[in-house]
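Shown next, in structure tokens, is the structure this report addresses.
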Amino acid sequence: MADKINIEEIFAENVFTYATMKERLPDDVFGEFMHVVENGGELSSRAADAIAKAMKDWAVELGATHYSHWFQPLTGFTAEKHDSFISHPNKAGKMLLEFKGKELVKGEPDASSFPSGGLRATFEARGYTAWDITSPVFIKEDATGKILCIPTAFCSYKGEALDKKTPLLRSMDAINKQALRIVRLFGNTKATKVTPSVGAEQEYFLVDRERYLQRDDLVYAGRTLFGALPPKGQEMDDHYYGCIRERIGAFMKDLNVELWKLGVTAKTQHNEVAPAQHELAPIYETSNVAADHNQLVMETLKKVAGRHGLTCLLHEKPFQGVNGSGKHNNWSLTTDNGVNLLDPGETPNENIQFLLVLACIMCAVDRHADLLRQSASDVGNDHRLGADEAPPAIVSMFLGEQLEDVVMQLVETGEATHLMEGGVLETGVSTLPDLLKDATDRNRTSPFAFTGNKFEFRMVGSSDSIGDPNTILNTIVAQAFCDAADRLEAAEDFDLAVHDLIKEYMTKHQRIIFNGNGYAPEWVEEAKRRGLPNLPTMLDAVETLTTEKSIALFEKFGIFTQAELESRKDVLYETFAKTIHIEGKCMMEIAKKKLIPAIVFYAKELSEAVIAAKNAGVSDRVQRDLLERVTALLEKMQDALVLLESEMQIAEGMKDHKECALFYRDRVKVAMEALREPADALEMITDKEIWPFPTYGDLLFEV
């Protein structure tokens, strides 16, 4: 019998929750803490010391020995340095355990060894981590023991943001300030804060760890650089939502327990479309907590997979020819008195506040579609966006038939007098209930889709931090709210002004609405006619960060300085070049040390088979034809290898990060594809016993 799991007992048992703090802190200290959480500001040194001591005592009681400032540098991963609680022994030789407020509030990691895009040089090593008081402190359990982890922001000695968290927190402040102006205009005087909430669905692959370790491309690059499709892929649609296999089920069970203990609201689990692909979805949380928790989800996926003899692959496209993995970023705005600004209500055509919010979001997405595209771009996502599994690289909004009809009424007549109804779905079975239909269908091909009371930004890659896309979303919507509030606050007739503004925004930005098939080739031409930006690759999108429009936007709301934007642009170019460089080197090594020797050996066997057939006086046609095919492909592979080596040598001599990245995209990647083509063809005709590593069939179907 399986062990019984009591979710209520284990949930957040490794989190220093508000309830735990209230129990362990003096009332005035807890009150001061909550005031800072809700209103901003700094803790007094007395309160910081009291909280640090309570935190340490709680952690030690649970078996923790160290603490760490846990942060998210521009690598996209998390970083941590562990310090034990031990202090100097007392005169009796007994070890003392200490943790002070200054250690809780501020840390000092090395700032020169993380990506900084020139903001920090090697000799400029000082950086700071600052406690994000609004994100829960937690204990991580792994082979190192139990570590008290303090979520922090990471900045340089000069104050520049060197992480994903700091800009996200800045953007949350910006949208809170501007959204409050909007709700005040509609008479909501009780709300004191508007918070962006996020739920990040996480897709991932699981493969057998022993087979994974036999694939150098998976180990070094996170994706297969060689590999032919097996006889069966995902074409039968039998894996999607299918029965979860025992081994995977055991993994998911342990994964849920680990996440629940960390306070992560893991709710949904299922098989995804591709073989060996799965998904986990949480409940909504505030943006910064959701970002922290998504990092914990990715870390925990990998950790728990290892315990089950599996490896979790988070690359957006680990297998060519089957679906890749994304991370759907569900985003909404909620006041602290419970009003969801994206809830249309039963009569959205009459909900003026909702229509204004919708008009502002239309304005924001249309005005800054390029930045949204950039926020979801990375090297791995270049393999996925635009394929039959992910939205196209062209940003558009899906509203559904009901809301689009409301928008069109407002655009054409200035009034939305009627509302499309969903009706009833008759099942035709006497024992099944008739179902109330929604007023609109869903659209999986839309990059930015309205799904009832939220927007789903579907472009984000599976390995990415959700910090960047939510920073962009919060900032561009804050700008639209600001512009609207400026006009409406100055209006003599508010009702007339808000009516005119909604009509103006929806008319001007209606081009961003597209409810059709985003995969259709015709959409590319239609988007071009509408004037929507089409940025097919990561490198096409990088420059959007430092346009005059973008710099003005980010500096106005204090999200990024121009120097911070320039640094991030440089980091992106450098990351792209380094990633393709690693992949190219890996391909060359596999080709030279494994594939070509194995195929030469196979060709030798075929040659010997031809001679043996001749000596036996039997037909050698099959052996000879196969030998000729293998030899021709082997020569083609060798020529492609020589070309790749040559292109890699040129790239390695380049110093400028942008020039280098473009060369890797336009020349090195082309050479890599040329090397892969004959290798994959050879896999299909080479004796399986000779092929030097597991195939797609081994990886995808034998888990």
Quick one: does any side-chain atom of [X] pair with a main-chain N or O of [Y] as donor and acceptor, under 3.5 Å?
| X | Y | result |
| --- | --- | --- |
| N381 | S377 | no |
| K658 | Y573 | no |
| N188 | A191 | yes |
| N340 | S332 | no |
| S135 | D132 | no |
| H368 | T475 | no |
| W260 | A266 | yes |
| N14 | K261 | no |
| T334 | G338 | no |
| S462 | Y204 | no |

Reported [atom1]-to-[atom2] distance for the pair [X] and [Y], which is rounded to 0.5 angstrom:
| X | Y | atom1 | atom2 | answer |
| --- | --- | --- | --- | --- |
| N176 | M172 | CG | CE | 8.5 Å |
| L545 | I551 | CG | CD1 | 9.5 Å |
| T544 | L372 | OG1 | CG | 10.0 Å |
| F11 | L262 | CZ | CG | 9.5 Å |
| N330 | L342 | CG | CG | 11.5 Å |
| K164 | D292 | NZ | CG | 14.0 Å |

Those residues that, when tested against [X], pass side-chain hydrogen bond (donor to acceptor under 3.5 Å, both in side chains) (two or more places apart):
| X | answer |
| --- | --- |
| S171 | N474 |
| T166 | D163 |
| E404 | N515 |
| T537 | D540, R665 |

**OP:** Would you please test E504 and K508 for salt bridge (charged side-chain N to carboxylate O under 4.0 Å, His left out) and show each step?
**Re:** CA-CA 6 Å; E504 176 188 327; K508 184 176 181 180; 5.8 Å; no
With a 4.5 Å limit on heavy-atom distance, are the side chains of [X] and [Y] in contact?
| X | Y | value |
| --- | --- | --- |
| M506 | I502 | yes |
| E201 | E279 | yes |
| F455 | L333 | no |
| P136 | Y18 | no |

Using the side chain to side chain contact (heavy atoms under 4.5 Å, CB included) criterion, which residues pair with [X]? Sequence neighbours excluded.
| X | value |
| --- | --- |
| E32 | L43, S44, A47 |
| S463 | L314, E316, D378 |
| A364 | I476, V477, A480 |
| Q295 | W70, Q72, T78, M298, S465 |

Original post:
Pick from N349, V498, L410, V407: which one makes a side chain to side chain contact (heavy atoms under 4.5 Å, CB included) with L355?
Top reply: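 Looking at N349, V498, L410, V407, the match for L355 under the side chain to side chain contact (heavy atoms under 4.5 Å, CB included) is L410.
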**OP:** Return yes when atom CZ of F77 has more than 12 non-hydrogen atoms of other residues, nucleotides or ligands closer than 6.0 Å, and no otherwise.
**Re:**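 Check fails, neighbour count at 12 or below.
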Please state whether the rings of [X] and [Y] are parallel, tilted or perpendicular, taking 30° and 60° as the class boundaries.
| X | Y | value |
| --- | --- | --- |
| F457 | F448 | perpendicular |
| Y128 | Y157 | tilted |
| F354 | F450 | tilted |

Subject >> Reference residue N329; test side-chain hydrogen bond (donor to acceptor under 3.5 Å, both in side chains); the match among N294, D464, N470 >> reply: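 So the option named by the test is N470.
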Would you call [X] and [Y] a salt bridge, taking side-chain N to carboxylate O under 4.0 Å as the test?
| X | Y | answer |
| --- | --- | --- |
| R568 | E564 | no |
| E203 | K327 | no |
| E108 | K81 | no |
| R458 | E456 | yes |
| K578 | E574 | yes |
| E489 | R181 | yes |

**OP:** Please list, chain by chain and in numerical order, all residues satisfying ring pair (Phe, Tyr, Trp, His ring centres under 6.0 Å) with F154, sequence neighbours excluded.
**Re:**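 Checked F154 against ring pair (Phe, Tyr, Trp, His ring centres under 6.0 Å); matches are F71, F114.
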**OP:** Identify, with sequence neighbours excluded, every residue that meets ring pair (Phe, Tyr, Trp, His ring centres under 6.0 Å) alongside H270.
**Re:** Y241
**OP:** Please collect all salt bridge (charged side-chain N to carboxylate O under 4.0 Å, His left out) contacts where either partner lies in residues 353-374, sequence neighbours excluded, each pair once.
**Re:**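 Non-adjacent pairs meeting salt bridge (charged side-chain N to carboxylate O under 4.0 Å, His left out): D366-R511, R367-D483, D370-K549.
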**OP:** Hey, could you give me each pair passing salt bridge (charged side-chain N to carboxylate O under 4.0 Å, His left out) that has a residue in residues 335-354? Not counting sequence neighbours.
**Re:**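 Listed once each, the pairs would be none.
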For [X] against [Y], the heavy-atom pair lying closest together:
| X | Y | value |
| --- | --- | --- |
| V37 | T134 | O-CG2, 3.9 Å |
| A12 | T17 | CB-CG2, 4.1 Å |
| V15 | T20 | O-OG1, 4.3 Å |
| F398 | S446 | CB-OG, 3.2 Å |

Subject >> Derivation of the side-chain hydrogen bond (donor to acceptor under 3.5 Å, both in side chains) call for E285 and H293 >> reply: CA-CA 9 Å; E285 302 172 292; H293 280 177; 2.8 Å; yes
Original post:
Are the aromatic ring centres of F494 and F186 under 6.0 angstrom apart?
Top reply: yes
Original post:
Looking at F514 versus W523, is the centre-to-centre ring distance below 6.0 Å?
Top reply: yes
Subject >> Pair E543-K569, salt bridge (charged side-chain N to carboxylate O under 4.0 Å, His left out): steps then yes or no >> reply: CA-CA 7 Å; E543 292 294 327; K569 187 172 74 172; 3.2 Å; yes
